[in-house]
Amino acid sequence: MTAYKIITVPHAALKTSSKPVDGVSDSVRMQMDGMLQAMYDAPGIGLAANQVNMLNRVLVMDLSSREDEEEPAPICMANPEIIYESEEMSVREEGCLSIPKQYADVERPAIVRVKYLDYHGKEAELEAEGLLSHCVQHEIDHLNGVLFIDYLSSLKRNMILKKVDKLKKQNLL
Ligand code: GNR
Ligand code: NI
């Protein structure tokens, strides 16, 4: 099984906008499987392809909690597009596997509807609210080269980037 390594800031791939896939081929499905594994290992609730240095529009999510011995509930998306966002907004604390151990409140549309190709290459739609809504918007942002810290003031953003740099220098990642 391919073990993907999750890259962290400041890596150029995290600032790069990804290219659509032609469809969900066997190789894209294998990529989704490998990304789910990397996400579960981390652990995290979502992962976008550029976080494993692959620049196509693929993301995976799973909000089922491991600790509760809940069944896994993976969601795989290729070429996701937001087709509706509510005017109502929602603020939540977000984190990111590519910005380890740093958290900040982010405001986003409370409800979104997303059109995408699923694991089998079939067109599908998802309406998300709550944590899932923040997560899918966070992952689609990644595919556009956007990080949650881009919504913060440059002061807060630079503080977070310095903290990650310090953790790296102390070999704490
Ligand atoms: O694990 C993650 N948790 C999370 C919490 C709130 C909003 C978004 C996320 S996604 C994140 C994993 C990650 O970095 N995905 O890109
Ligand atoms: Ni992230």
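Just so we're clear, the structure is a prediction, and the values are computed from it rather than from any experiment.
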Look up atom CG in Asn53 and atom CD1 in Ile6, then write down how far apart they are to the nearest 0.5 Å. 12.0 Å
State which residues pass side-chain hydrogen bond (donor to acceptor under 3.5 Å, both in side chains) with Asp26; sequence neighbours excluded, sorted by chain then number. Arg29
If you group Ile, Leu, Val, Met, Phe, Trp and Tyr whenever their side-chain heavy atoms sit less than 4.5 Å apart, what else falls in with Ile111? Tyr84
Check whether His120 reaches the backbone of Lys122 with its side chain - one donor and one acceptor, N or O, closer than 3.5 Å. no
For the atom pair CG (Leu126) and NZ (Lys115), what is the distance rounded to the nearest 0.5 Å? 14.5 Å
Suppose we screen for side-chain hydrogen bond (donor to acceptor under 3.5 Å, both in side chains). Which residues come up paired with Ser27, at least two apart in sequence or across chains? Ser25
For Leu155, the rest of its hydrophobic cluster, which grows through side-chain links under 4.5 angstrom: none
Do the charged groups of Arg113 and Glu127 touch, with an N to O distance under 4.0 Å? yes
With sequence neighbours excluded, residues passing side chain to side chain contact (heavy atoms under 4.5 Å, CB included) with Leu167: Lys101, Gln102, Gln170, Leu172, Leu173
Results of side-chain hydrogen bond (donor to acceptor under 3.5 Å, both in side chains) for Asp141 - residues two or more places apart only: Arg108, Tyr151
Can you sort out the partners of Thr8 under side-chain hydrogen bond (donor to acceptor under 3.5 Å, both in side chains), two or more places apart, ordered by chain and number? Lys168
With sequence neighbours excluded, give me every salt bridge (Lys or Arg N to Asp or Glu O under 4.0 Å) pair touching residues 40-55. none
According to side-chain hydrogen bond (donor to acceptor under 3.5 Å, both in side chains), does anything in residues 153-166 pair up with another residue at least two apart or in another chain? List the pairs. Asp165-Lys169
Among all residues two or more places apart in sequence or in another chain, which pass the side chain to side chain contact (heavy atoms under 4.5 Å, CB included) test with Glu87? none
Quick one: does Asp118's side chain have a donor or acceptor within less than 3.5 Å of a partner on Gly121's backbone? yes
Could I get the full list of side chain to side chain contact (heavy atoms under 4.5 Å, CB included) partners for Ala110, not counting sequence neighbours? Ser86, Glu88, Ser90
Side chain to side chain contact (heavy atoms under 4.5 Å, CB included) against Arg92, all qualifying residues, sequence neighbours excluded: Leu131, His134
